[in-house]
Asks: 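Dropping a structure here in structure tokens format, bear with me for questions.
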Amino acid sequence: MASPATADAAPCLRERTDIPDRFKWNLTHIFPDWPAWQAAYAELDTKIEAYAALQGTLGQGADRLLRAMQMSDDVGQLSYRVWYFTSLKYDEDQRDNQINAKRQEVQILFARAGQATAWFEPEVLKIPLATVQQWMTESQELAVYRFAIEDLYRRQEHVLDETGEHLLSLSSQLSSAPHDAYAALSTADLKPPTITLSTGGEVALSYGQYRAILATNRRQADRAAAFTTYHTLFGANVNTYASLYNAVLQRDWFHARARGYASTLEAALHGNNIPATVVENLIETTKAGGTAPLQRYHRLRKRVLGLDTYHSYDATIPLVDFDRKYPYEHVLEWLPKSAAPLGPAYQRQMEEVLAGEWIDVFENPGKRSGAYSAPVYGVHPYVLLNHNDTLDSVFTLVHEMGHSMHTLLSNAHQPFVYSTYEIFVAEVPSTLNEAFFLDYMLAQATDELERIVLLTHGIDGIVGTFYTQVMFADYELQAHRLVEEGRPVTAEALGDIYVSLLKTYHGDALDYDDLQRVTWARIPHFFSTPYYVYQYATCFASSAKLMKWLTTGADADRTAALDRYLTLLKSGGSDHPMALLRRAGVDLSEPDTVRAVVDQLDALVTRLERELRV
Ligand SMILES: [Zn+2]
């Protein structure tokens with residue numbers, strides 16, 4: 001997750017060649033030049049063929065299985081370098097057709113690799129688990145793969161026989177139809193209406209413009225007009241949206257039942273071996289006593305903004321005007337200092353990342369927007385930024401640095417097969433880095449306005465990444481239960497669920513609008529990735545709990561907590577995410593973990609109230 005580019009007017013862009021090298025990533029760390037890349041591409045192609053030739057041999061003994069695992073690692077490692085060299089080059093300037101063509105060549109090779117290696121899992125699973133386990137006790141080299149292999153068998157529990165799997169595979173084209181239709185209806189076919197603002201200016205109301213008005217326009221009447229106009233668009237087709245969403249729900253329930261799961265939630269969580277109680281605990285604990293600081297924050301906003309009524313469209317306008325610039329060079333100094341609670345070794349490693357030509361800092365014509373950390377295995381992580389001196393872009397760097405440090409530590413301490421981590425853990429170090437950085441900046445800030453902006457930034461992060469996502473998870477769960485219990489899914493039923501959730505979370509801190517009944521229809525996640533966004537909330541709760549461990553209590557306790565946390569980062573994907581987090585002291589099935597983030601919000605709102613003297 002990275003903040004999208006802001007709607008600020010773009011300054012005149014420097015050409016890439018005019019940007020000093022120390023602000024650009026150096027891709028010669030991957031390959032010195034294109035001929036070297038070409039040679040690696042050919043080598044990868046050969047390795048894929050050689051791997052495919054192993055088909056039919058796995059059952060012959062431990063050494064054959066080991067050979068397949070090792071060759072698969074080989075292909076995997078080289079794939080990272082071959083892919084990222086083209087993909088990162090392409091992101092430097094996406095107008096470059098030649099590089100785009102090379103990038104697509106790799107994608108075509110990967111598609112071929114997928115077909116050439118599809119035999120592996122079914123062939124392993126024909127060998128009895130007890131036999132493979134016996135092999136692993138006899139071969140230390142094979143035992144490295146124990147978790148990966150045993151997890152293959154665990155996931156097998158809900159795989160059907162050949163006829164069943166064939167039948168399900170025939171339905172796969174239908175499965176994406178509701179989302180495709182949703183994307184067409186809500187994006188491609190949506191005609192942005194024009195609204196007239198109170199200044200007399202006219203604006204074509206795209207989603208980006210709608211968000212920009214809510215975040216920058218100080219006239220409530222303009223924000224209200226933008227909200228009404230934009231949601232009327234969705235209201236006009238609300239029955240169509242409801243029937244598309246019904247198709248999503250029915251599809252999920254069909255797959256869950258076909259594979260023998262008790263519920264759609266259980267089916268969604270089985271891949272990562274996460275118990276349904278995690279999501280239920282997240283939702284229940286947040287609703288039971290977790291909403292008070294959220295409501296206090298909105299009431300505070302209403303008073304500070306001097307509004308008679310306070311609506312959902314008033315929730316993103318800044319409380320104060322303050323536009324300090326944060327030059328990149330300053331952030332480079334602050335960032336390692338802010339990580340002091342993570343120990344000197346972590347700080348030193350961070351300094352290396354920041355100094356090593358691993359980061360592409362500034363925008364240039366044609367460069368990809370947004371930000372990411374790319375884990376180039378066998379080389380090091382690279383970070384893409386579009387730093388523009390705003391506070392948001394500073395926090396984006398801090399966030400991505402959390403991902404890069406996680407990659408570095410996990411790659412250094414795990415064999416290739418466990419070097420990547422799951423999304424369920426991924427957003428823990430990024431959000432924890434942000435929390436430490438916020439603390440550091442608050443301690444440094446001498447300007448009261450800056451402290452207000454920083455506190456609001458921290459609070460809005462918790463509201464958007466935790467509360468909103470928990471509410472969304474709650475919505476998805478209730479909607480899926482409609483089909484699981486054989487109840488009708490109508491626009492009215494979906495609107496009822498959404499509005500009742502809004503009221504549960506916001507109480508009388510919000511004035512409600514009829515059009516909020518259709519808000520669910522404009523949330524693309526509901527249609528594209530059901531039961532996914534809750535992971536942002538669990539990561540946030542985990543990082544709040546870790547923050548508590550790392551900053552409070554006796555020295556010895558903090559040292560032990562730090563050791564556990566660094567072990568988590570070094571563990572990559574060597575176990576199921578819940579097990580890894582539990583070893584770090586975070587149990588997501590416990591209400592206490594969820595309360596840590598509620599307490600964090602409570603403390604920030606209290607500080608904000610003090611700064612604003614209200
Ligand atoms: Zn992230």
Side-chain angles (χ1 to χ4, degrees), residues 1-6 25 80 84 87-88 91 272 282 331 335 338-339 342 346 349-350 353-354 358-361 368-377 380-388 390-411 419-438 457-458 460-470 472-473 524-525 528-529 531-547 565 568-573 577 580-581 584 586 588 597 600:
M1 287 180 294
S3 325
T6 53
W25 57 29
Y80 271 94
Y84 275 117
S87 150
L88 300 181
D91 287 349
N272 272 332
L282 181 70
V331 188
L335 190 45
S338 74
L342 298 175
Y346 188 96
Q349 211 155 15
M350 196 184 245
V353 176
L354 293 169
W358 298 6
I359 305 177
D360 211 71
V361 182
R368 185 194 192 279
S369 61
Y372 60 71
S373 167
V376 188
Y377 190 88
H380 54 67
Y382 282 93
V383 178
L384 179 133
L385 302 174
N386 280 280
H387 189 86
N388 58 3
T390 58
L391 188 65
D392 276 346
S393 72
V394 172
F395 273 93
T396 299
L397 167 62
V398 175
H399 180 101
E400 299 307 331
M401 201 47 49
H403 291 313
S404 293
M405 291 295 294
H406 194 184
T407 297
L408 264 188
L409 290 169
S410 115
N411 286 3
S419 58
T420 53
Y421 39 79
E422 296 289 340
I423 167 87
F424 200 82
V425 182
E427 297 301 340
V428 175
S430 51
T431 50
L432 189 62
N433 264 18
E434 286 193 65
F436 282 132
F437 191 77
L438 180 72
H457 181 95
D460 289 342
I462 297 178
V463 172
T465 314
F466 181 79
Y467 283 90
T468 304
Q469 307 308 334
V470 178
F472 283 177
H525 277 126
S528 61
T529 47
Y531 293 130
Y532 182 83
V533 295
Y534 82 94
Q535 299 180 102
Y536 294 132
T538 50
C539 282
F540 227 83
S542 306
S543 109
K545 178 77 180 176
L546 285 161
M547 180 103 177
Y565 175 61
L568 171 72
L569 300 189
K570 292 170 187 167
S571 301
L580 294 175
L581 283 167
V586 176
L588 281 162
V597 70
Q600 211 174 48

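The analysis underlying the following values was restricted to heavy atoms, covering all of them including side chains, and did not include hydrogens, waters or symmetry mates. Just so we're clear, the structure is a prediction, and the values are computed from it rather than from any experiment. Whatever order the structure lists ligands and atoms in, that order sets their numbers, starting from 1.
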Asks: Do the non-hydrogen side-chain atoms of Ile359 and Leu354 ever get within less than 4.5 Å of each other?
Replies: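 In contact.
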Asks: From the N, O or S atoms in His399, identify the one nearest to the Zn ion (ligand 1).
Replies: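 Checking each N, O and S atom of His399, the shortest distance to the Zn ion (ligand 1) belongs to NE2.
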Asks: Within the stated cut-off of 2.8 Å, is an N/O/S atom of Glu427 closer than that to the Zn ion (ligand 1)?
Replies: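 Yes, within the cut-off.
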Asks: Would you say that Phe437 contacts Glu434 through its side chain, given a criterion of any heavy-atom pair below 4.5 Å between the two side chains?
Replies: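 No. Closest side-chain heavy atoms not under 4.5 Å.
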Asks: Tell me, do Tyr382 and Asp360 make a side-chain contact under 4.5 Å, heavy atoms counted?
Replies: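 Sidechains of Asp360 and Tyr382: no contact.
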Asks: Taking the N/O/S atoms of His403 one by one, which is nearest to the Zn ion (ligand 1)?
Replies: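 Per the distance ranking, His403 contributes NE2 as its closest N/O/S atom to the Zn ion (ligand 1).
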Asks: Can you confirm whether Val586 sits close enough to Tyr565 that some side-chain heavy atom of one is under 4.5 Å from a side-chain heavy atom of the other?
Replies: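 No, their side chains stay 4.5 Å or more apart.
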